[in-house]
Amino acid sequence: MTEPKYKRVIMKISGEALCSPNNKPLDFDIIDNVTEQIIDIAAQGVEIGIIVGGGNIWRGARVGKHMDRTTADYMGMLATVINALALQDSLEEKGLQTRVQTAIEMRQIAEPYIRRKAVKHLEKGRVVIFACGTGNPYFSTDTAAALRAAEMEVDLIMLAKNVDAVYDSDPKENPGAVRFDSISYMDVINRGLSVMDNTAITLCMDNHIPINVFGVNEKDSIRRVVFGEEIGTMIR
């Protein structure tokens, strides 16, 4: 395929996918690999929004389990801002105009999230990085990805993970885990697969937004997804 299959996408990058093998929170080789591919597809006219997680820095539900849940979740939202700024710096160093928009206002470093402004940025060829999730505790960045995808009216959610597809169990713990090339939203929910949380899956199902789950560290994986190559797992 010589032209991108998808014209406007939301890419959800988990915080763990930006983490180095020795657990340094940010691996700039991985970040550069991601941003180089983003620049490549942006040059093909693809409009790109990014939702970034913060699990490489803080996982509120796990690390902060003895804390007030709301406080732990807000700390996680702040962690996503660190990752968003790292991605923005890498993209702009390579010459691609980028805007970070946060669901919690912090005007000294980012724009507040405004839907119409975000759409205008996309139409002008700028990458928009959405940080702080939905801005509300008890909602994950998966849900934020589904929400922003619906608001931006995208063609696809690209779920970039450090696992290459959806499996029926953790392939790192179970060598016999079964890999899915495609699966329905309801099967993800009914099987209890830990792809995205149920709120996010349901929101995508209700708005008919397909999700492609793929490995961020596979060669040219971002470009291959945008051009319609069947890699990873398609949820629809």
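The shortest non-hydrogen separation linking L122 to G49 is CD2-N, 4.0 Å. Heavy-atom minimum distance, A200 versus A146: O-CB, 3.6 Å. The heavy-atom pair separating I211 from M196 by the smallest distance is CD1-SD, 3.7 Å. Taking both residues in full, the closest heavy atoms of G54 and T80 are given as N-CG2, 3.7 Å, listed atom of the first, atom of the second, then distance. Nearest heavy-atom pair, T35 versus S90, reported as atom, atom and distance to 0.1 Å: OG1-OG, 2.8 Å. Closest approach of G133 to R148, counting heavy atoms only: O-NH2, 3.6 Å.
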(request) Begin from the C-alpha positions of F214 and K161 and carry the test side chain to side chain contact (heavy atoms under 4.5 Å, CB included) through to its verdict. (result) CA-CA 6 Å; F214 65 98; K161 289 179 167 284; over 6 Å; no
(message) With side chain to side chain contact (heavy atoms under 4.5 Å, CB included) as the criterion, how do I41 and I48 come out once you've worked through the C-alpha distance, each side chain's angles and the decisive distance to 0.1 Å?
(response) CA-CA 9 Å; I41 63 174; I48 309 153; 3.6 Å; yes
(request) Could you go through the side chain to side chain contact (heavy atoms under 4.5 Å, CB included) check for I30 and N217 one step at a time? (result) CA-CA 7 Å; I30 292 174; N217 294 318; 3.9 Å; yes
(request) Apply salt bridge (charged side-chain N to carboxylate O under 4.0 Å, His left out) to the pair R99 and E111, showing each step before the final yes or no. (result) CA-CA 7 Å; R99 297 290 186 271; E111 297 178 357; 3.8 Å; yes
(request) Applying side chain to side chain contact (heavy atoms under 4.5 Å, CB included), run through I201 and C204 and close with a yes or a no. (result) CA-CA 5 Å; I201 291 290; C204 290; 5.8 Å; no
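For the pair W58 (side chain) and D73 (backbone), a donor-acceptor distance under 3.5 Å is absent. Without hydrogens or angle criteria, Q37 side chain to S221 main chain gives a donor-acceptor distance under 3.5 Å. Put simply, the side chain of N190 gets close to the backbone of M186: a donor and an acceptor are under 3.5 Å apart. Checked by atom type and distance alone, the side chain of Q101 never pairs as donor or acceptor with a backbone atom of I129 at under 3.5 Å. The closest donor-acceptor contact from the side chain of T141 to the backbone of A144 lies at 3.5 Å or more, if one exists at all. For the pair T70 (side chain) and D68 (backbone), a donor-acceptor distance under 3.5 Å is absent.
For the atom pair E36 CD and R223 CZ, the distance stands at 14.0 Å (nearest 0.5 Å). How far CG of L96 is from CD of Q88: 10.5 Å, rounded to the nearest 0.5 Å. Distance CD1/I10 to CG/D155: 11.0 Å, rounded to 0.5 Å. Between I82 atom CD1 and L18 atom CG the span is 12.0 Å, to the nearest 0.5 Å. With values rounded to the nearest 0.5 angstrom, M152 atom CE is found 11.0 Å from I209 atom CD1. With rounding to the nearest 0.5 Å, the separation of CG in D89 from CD in E93 is 6.0 Å.
Residues D197 and F139 form no side-chain contact, since every pair of their non-hydrogen atoms from C-beta on lies 4.5 Å or further apart. Side-chain contact check for M11 versus V225: every heavy-atom pair is 4.5 Å or farther apart. Counting heavy atoms from C-beta on, the side chains of D27 and P21 come closer than 4.5 Å. By the 4.5 Å heavy-atom criterion applied to side chains, E3 and F227 are not counted as neighbours. In this structure, the side chains of S184 and D187 come closer than 4.5 Å at one or more pairs of heavy atoms. Within the 4.5 Å cutoff, the side chain of C132 has heavy atoms near those of the M106 side chain. Using a 4.5 Å cut-off on side-chain heavy atoms (C-beta onward), V128 and I50 make no contact. No side-chain heavy atom of R126 sits less than 4.5 Å from a side-chain heavy atom of T98.
N83 and N56 form a side-chain donor-acceptor contact under 3.5 Å, judged by distance and modelled atom types alone. Between the side chains of H121 and Q97, no donor N or O sits under 3.5 Å from an acceptor N or O. Between the side chains of Y6 and E47, no donor-acceptor pair is found at a separation under 3.5 Å.
With sequence neighbours left out, the salt bridge (charged side-chain N to carboxylate O under 4.0 Å, His left out) criterion links E153 to no other residue. For A17, the side chain to side chain contact (heavy atoms under 4.5 Å, CB included) test picks out I13, S14, V216, with sequence neighbours left out. The salt bridge (charged side-chain N to carboxylate O under 4.0 Å, His left out) check on E105 picks up R107, with sequence neighbours excluded.
The hydrophobic cluster containing V163, built from Ile/Leu/Val/Met/Phe/Trp/Tyr side-chain heavy atoms closer than 4.5 Å, also comprises Y167. L203 belongs to a hydrophobic cluster whose remaining members, ordered by chain and number, are L147; membership requires side-chain heavy atoms of ILVMFWY residues under 4.5 Å apart, directly or through intermediates.
Residues V226 and I38 share a hydrophobic cluster, clusters being chains of Ile/Leu/Val/Met/Phe/Trp/Tyr side chains in contact below 4.5 Å. Two different hydrophobic clusters hold I104 and Y113 under the rule that ILVMFWY side chains link at heavy-atom gaps under 4.5 Å. Y138 and I51 are not part of a single hydrophobic cluster, where members link through side-chain heavy atoms under 4.5 Å apart. Linking Ile, Leu, Val, Met, Phe, Trp and Tyr residues whenever their side-chain heavy atoms come within less than 4.5 Å places L159 and L193 in a single cluster. When the side chains of ILVMFWY residues are joined at heavy-atom separations under 4.5 Å, either directly or via intervening members, V52 and V34 end up in a single hydrophobic cluster.
More than 12 non-hydrogen atoms from other residues, nucleotides or ligands lie less than 6.0 angstrom from NZ of K7. Crowding of K94 atom NZ: a count of heavy atoms from other residues, nucleotides or ligands under 6.0 Å exceeding 12.
A salt bridge does not link D168 to R191: none of the charged nitrogens lies less than 4.0 Å from a carboxylate oxygen.
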Would you be so kind as to tabulate the donor-acceptor pairs closer than 3.5 Å made by side chains of residues 228-236, with sequence neighbours excluded?
| residue | atom | partner | partner atom | Å |
| --- | --- | --- | --- | --- |
| E229 | OE1 | R224 | NE | 3.4 |
| E229 | OE2 | R224 | NE | 3.1 |
| E229 | OE2 | R224 | NH2 | 3.1 |
| T233 | OG1 | V166 | N | 2.9 |
| T233 | OG1 | F180 | O | 2.4 |

